[in-house]
Structures are given as structure tokens and as C-alpha cells.
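Numbered from 1 within each chain, the chains take letters A, B, ... in sequence-line order.
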Protein chains: 2
Amino acid sequence: MSLRNAILALLRIGPMSGYDLQKQFSQSVGHVWHAPDSQIYPELRKMADQGLLTAEEQARGASGMRKVYHVTEAGEREFLEWMNAPLKYQRTRDAAHLRAAYLEAADPEAIEEFLNGHIRHWQVELETVEEEICKIDTLTSPMLNRRLEVTEDEDREATIAFKRYSYEGLAARARGEIRWAREGLALIRQLGIADGVEDADPQ
Amino acid sequence: MSLRNAILALLRIGPMSGYDLQKQFSQSVGHVWHAPDSQIYPELRKMADQGLLTAEEQARGASGMRKVYHVTEAGEREFLEWMNAPLKYQRTRDAAHLRAAYLEAADPEAIEEFLNGHIRHWQVELETVEEEICKIDTLTSPMLNRRLEVTEDEDREATIAFKRYSYEGLAARARGEIRWAREGLALIRQLGIADGVEDADPQ
DNA sequence: CCTCCCATGTAAACTGTTACATGATTTT
DNA sequence: AAAATCATGTAACAGTTTACATGGGAGG
């Protein structure tokens, strides 16, 4: 049900087409909520049918078309209701920690590759999140700036602070995962599993 | 696809019925991979159909029945293949961080309740994970002990270490989330949003 | 006798992934 | 003229949740 709320959150910043939304979901917002285009377009239509959005049809060139979606009052209500309601936590489904618990069954090289892969994965995540934070701090984030344009002066500080706060949380998580994987590398060395041997025996 | 691997990981410890598995998925393993009974029973049957498991039917009382599942060689192969293959990371879908990014839209009490709820949620998680770690350290974890019974002496250290390592990662994550939510509480106080006012003005 | 635990499922709805499919417009 | 980007979707499948449904056995 949160794809809907993510869409509402974005459209509240300003009207957008499905394509614009899609880009957001594969960039900035994608860090907290991912959605592919095949999910976005049908959801937009459903939300419009339910009166949460209205579609403003725009011509594009000779025969091109573009639907720009606006949040209706009902949509605004639905979003605020969600924001003020207790959050439902999904049950964890964490393949990395599942695998980690049974790592003794894997080959030594696979163990090391798994841990290095974990580090790589979260390092990419960390870098992009840190870039977003930088954009927030330097006020060069397009979406945030667009939002700030229609925000009362006294609410700007909070708007910026919460966005930064959210991304700082993501960065902290990424750092935690990297730390954990590094501890894993230390552990396999300690257990004598690592093939650090190959370096220690040249010739 | 990891429900299947979680089931294989558990059944490799020892044969179990769907009911036994279900209990594991709502207790210990549930911390890394949750699955309801309605997902487990059909999956077991599918896996048996595909030759990854065999069902040993046991009578229970007069007409009661119980199917105990065993991992076949094909099942063992499938599990090891997964363990040695690169891990696929799911895209993040994180309602808490999504909400955090737009928290200025929520009522002050709702913001505080959201952050306190986050702390409560992860504190419960942390406590249960720490209990699991304690059981691992004192060798009072039933599943781990069952596994150790059929483990070669030289592999026991690693088996224990990896299980502990996995749970330590979960604990670290929980601590991180709690820390983040506490920072959030500090932030709203700093922004003057918190209704800590009610305490500061008694009468 | 009642309640809790053992034991196994089905059905419907919802959510998400992967692959396919098409065509216009803008930039190089 | 080709490539990138804009723009909108469909179809099939895989995974997950929620609710429903049933009945036996063990212990107080």
C-alpha cells in the first residue's frame, strides 16, 4: 500500500507524468521505495479512477501524448491519514543474513565473494545516498527545491531537516552493513577459511 | 526464491513436518526470513513434486497424520548451488524512511509517536535477537545443537561462529535503527516541534 | 468438558518482477 | 541517420498477505 503513498508524496511536490515519476523512483526516491514503470502506470490509473488523482492530458508534438497527474483533495487526505497513522512494519526477509547464518555450507571462495559483494553493494548505496545528502545541503536537489518553492518560510527548515534525516538513516544503515561484512572477512580469516593463503605462498 | 532456500537450510538440520517448520519461521529463523503457514505447506508440496524433498508420512493417533520432510540429494545440490552463487539484492522498500523524508506533513504528536513506535519495534527485535545470541553462546539453542550433533568436530567452530555472526548483524541493525529514531526525537525537539512542552509547563 | 497445541491446508486479493511491445521526439 | 530520451503501456509469472476452514490429541 506504500507505493500509493510514495506516489502521493511525490505528486504533492508538484504535478508529474508517469514517466517523470518513474525517473524519481529509479533515482532519489528509489533509495527508500523502488518501483518499476510496469507498476507505476497501472497504479496511477487506479488512483485516478478512485479519485485520488486527476489526469491532465497534454499534447506532445504532432501525435505524442502526456498525462500529468495532480493530487486531488481526496488524495491529500489519504496521504495525511497515512502519515498520521501508526506505521505497519513488514516482516523481515533478508537473504544476506539468512545466508550468513549457514555460511559454513558454502565454499571458501564463495564465502569471501559473498562478503565482498555485500560490501560493494552497500558501498554503491552509501555513495549515492551521500551524494543526495550533499545535494540537500547545497540546495541543489531539484525535487527538494521544487518543494521549497511552495513551502511557507517557517516550514522550510523542517522540510530540509527531515529529508536530510531520512537519508542520514540510510547512510548509517549502509555503513553498518559494510562494517558487518568487514567483520565477516575478519572472522573467516580467524577461522582459517579465507584463501588469503594464495597471497602468503607466492611460488 | 529464498523461502525455498530457507526451508532447505532448516531441513538440512534435520527432517521436520510443515508444522515444525512453521514454528521455526515464527521464531528463530523468522528474524531473517518470515513465512506464514499458508506459504509453507504449498511450497513444501511443490518442492516434493520437484524432487527436492521426500515426504515421510507418519500416523498420529487414530486418524491423525503428519508428513515429515527430508532433503533429497537434488535438494542438497540446489541449496549448495544457491549458497555458492552471487546473492541477488532486492530493491529497498522502506516505509519508515519513506515517511521520515516527508515527516513535516504529519502532526507533531504523530511524528513523535512514529519515532517512538520505531524505537519500540526495533527494541523488541533487538531483545529477541540478543536472546538468540545468548542461546548460541550457552549452547542452549535447540536447532543449533541439533545441527552440531551431525557436524564434524572441525566444522563446529565455524557453524557456531557463522550463526552468531548473522545474529550479531541483526542486532547491530536494530541498534542502528534505535539510534536513528532517537536522533529523530532530538531533531524535533531542536526544531521546536515536540510537545515536550506539556512536561515543561505543569500548571 | 474445555482449552491449548498439533496438524494441514484452500481461496482470494494484493504486490512485485521480468520481459515484451510500440512509437514519437530530441540531440548528436 | 542514428542514438538517446520521452512516453505509455500489456502479459505472464512469482511471491506475499489475509482470511477462512477443519479436525484430532493431550492436559488440566
Original post:
How close do A:Val32 and A:Ser166 get, heavy atom to heavy atom, and via which atoms?
Top reply: CG1-OG, 4.3 Å
Original post:
Which pair of heavy atoms, one from A:Ala55 and one from A:Tyr69, lies closest together, and at what distance?
Top reply: CB-CE2, 3.7 Å
Original post:
Is there a donor-acceptor contact under 3.5 Å from the side chain of B:Tyr19 to the main chain of B:Lys67?
Top reply: no
Subject >> B:Tyr19 OH - D:dA26 C1' separation (whole Å) >> reply: 12 Å
Subject >> Spacing of B:Met1 atom CE relative to D:dT16 atom C1', expressed in whole Å >> reply: 13 Å
Original post:
Centre of B:Trp82's six-membered ring, under 6.0 Å away, within 45 degrees of the axis: is that where NZ or CZ of A:Arg99 sits?
Top reply: yes
Original post:
Given atom CG of B:Asn5 and atom P of D:dG15, what is their separation to the nearest angstrom?
Top reply: 10 Å
Subject >> Whole angstrom value for the distance that separates P of D:dT10 from CG of A:Asp37 >> reply: 12 Å
**OP:** Establish whether the base of D:dT18 is bridged to the side chain of B:Ser38 by a donor-acceptor pair shorter than 3.5 Å.
**Re:** yes
Subject >> First encountered from the 5' end of DNA chain C, between A:Gln39 and B:Lys67 >> reply: B:Lys67
Original post:
Is A:Gln90 touching bases, backbone alone, or none of the nucleic acid, heavy atoms closer than 4.0 Å?
Top reply: nothing
**OP:** Describe the nucleic acid contact of B:Arg4 in one word from base, sugar-phosphate, nothing, applying a heavy-atom distance below 4.0 Å.
**Re:** nothing
**OP:** Report yes if a side-chain nitrogen or oxygen of A:Tyr41 is closer than 4.0 Å to either non-bridging phosphate oxygen (OP1 or OP2) of D:dT8; otherwise report no.
**Re:** yes
Subject >> Whole angstrom value for the distance that separates C1' of D:dA14 from NZ of B:Lys88 >> reply: 12 Å
**OP:** Grab the CG-P distance between B:Leu3 and D:dT16 for me, whole Å please.
**Re:** 7 Å
Original post:
How long is the line joining CD of A:Gln24 and P of D:dA7, in whole Å?
Top reply: 13 Å
Original post:
Excluding sequence neighbours, so at least two apart, what forms salt bridge (charged side-chain N to carboxylate O under 4.0 Å, His left out) with B:Asp137?
Top reply: B:Arg164
Original post:
Do any N or O atoms from the side chain of B:Ser17 and from the backbone of B:Arg66 form a donor-acceptor pair under 3.5 angstrom?
Top reply: no
**OP:** Walking along DNA chain C from 5' to 3', note the first and the last nucleotide with an atom under 4.0 Å from a heavy atom of chain B, and give both.
**Re:** C:dC5 to C:dT17
Original post:
Are A:Arg66 and D:dT5 close enough that a side-chain N or O sits under 4.0 Å from OP1 or OP2?
Top reply: no
Original post:
What pairs meet the ring pair (Phe, Tyr, Trp, His ring centres under 6.0 Å) rule with one or both residues in residues 28-59 of chain B, with sequence neighbours excluded?
Top reply: none
**OP:** Identify, between A:Arg93 and A:Ser17, the residue whose nearest nucleotide on DNA chain D lies closer to the 5' end.
**Re:** A:Ser17
**OP:** For A:His34 and for B:Tyr69, locate the closest nucleotide of DNA chain C by heavy-atom distance; then report the residue assigned to the nucleotide nearer the 5' terminus.
**Re:** B:Tyr69
